[in-house]
Every structure is written in structure tokens, then in C-alpha cells.
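First up is the structure itself, then whatever we jot down about it.
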Amino acid sequence: MSIRLGNSCMNCEKFDKNFCRQHDVSVGHQHTCDSFHMREAIKNEPNCLNCQRYQGPTCANPQKAAPGMLCNHWAPTASA
């Protein structure tokens with residue numbers, strides 16, 4: 001399975017807190033438009049602190065898991 005960064009409003013430089021500054025309208029991850037401009041850089045720092053398994057029963061390495069570490073079982077936390 002290939003995973004790619006999509007052309008969604010959340011990855012657009014005009015997106016700010018569920019709001020499109022280009023069109024003055026509320027938007028979410030399912031939206032995009034023809035005026036889409038990808039952010040130059042997206043913060044992507046996967047580690048134990050933003051893993052949904054951290055300190056939970058499905059953590060693959062509960063004795064070793066710590067802030068700043070990453071394992072091959074990492075699962076991103078849902079964005080709120």
C-alpha cells in the first residue's frame with residue numbers, strides 16, 4: 001500500500017484552524033480546491049509521544065518506549 005500526501009485543505013498554505021483564508025469558508029481534511037497551494041514544509045516528527053499506542057496495551061515496546069523514540073509499529077494519533 002502506498003501512502004501519499006493529498007491535496008487536501010489541511011496541507012494548503014491558506015489553511016488555518018479549519019478555515020480557508022483564500023475563500024473565507026470553514027473546511028476540513030476532505031476538502032480541496034483549484035487554488036490549492038501545498039505548504040512548503042509539513043512538520044512530520046513521528047515518535048512515541050505522538051503514537052496512539054504509546055503507554056497503551058498495544059505498544060510493541062512498553063519497556064523501551066520513550067519521548068523521541070520511534071519503532072516500526074508507530075501509529076499516528078488522530079488529529080483533533
Evaluation steps, side-chain contact (heavy atoms from CB on, under 4.5 Å), between N11 and F36: CA-CA 9 Å; N11 298 325; F36 179 86; 4.2 Å; yes
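Atom NE2 of H73 sits about 11.0 Å away from atom CG of L70, to the nearest 0.5 Å. Taking CD from Q22 and SG from C9, the interatomic distance works out to 10.5 Å, rounded to the nearest 0.5 Å.
Closest approach of A60 and P62 over heavy atoms only: C-CD, 3.5 Å. Residues Y54 and P67 approach most closely at OH-CD, 3.6 Å, considering heavy atoms.
Residues K64 and C71 fail the side-chain proximity criterion, which asks for heavy atoms closer than 4.5 Å. Looking at H23 and C33, their side chains come closer than 4.5 Å, going by heavy atoms from C-beta outward. With a 4.5 Å cut-off on side-chain heavy atoms, S26 and N18 do not count as touching.
M69 belongs to no multi-residue hydrophobic cluster, having no ILVMFWY side-chain contact under 4.5 Å with any other such residue.
P57 meets the side-chain contact (heavy atoms from CB on, under 4.5 Å) test with no other residue; sequence neighbours excluded. By the side-chain hydrogen bond (donor to acceptor under 3.5 Å, both in side chains) test, N50 is found to be paired with W74, residues two or more places apart in sequence or in another chain being considered.
No donor-acceptor pair under 3.5 Å is formed between the side chain of R53 and the backbone N or O of N61.
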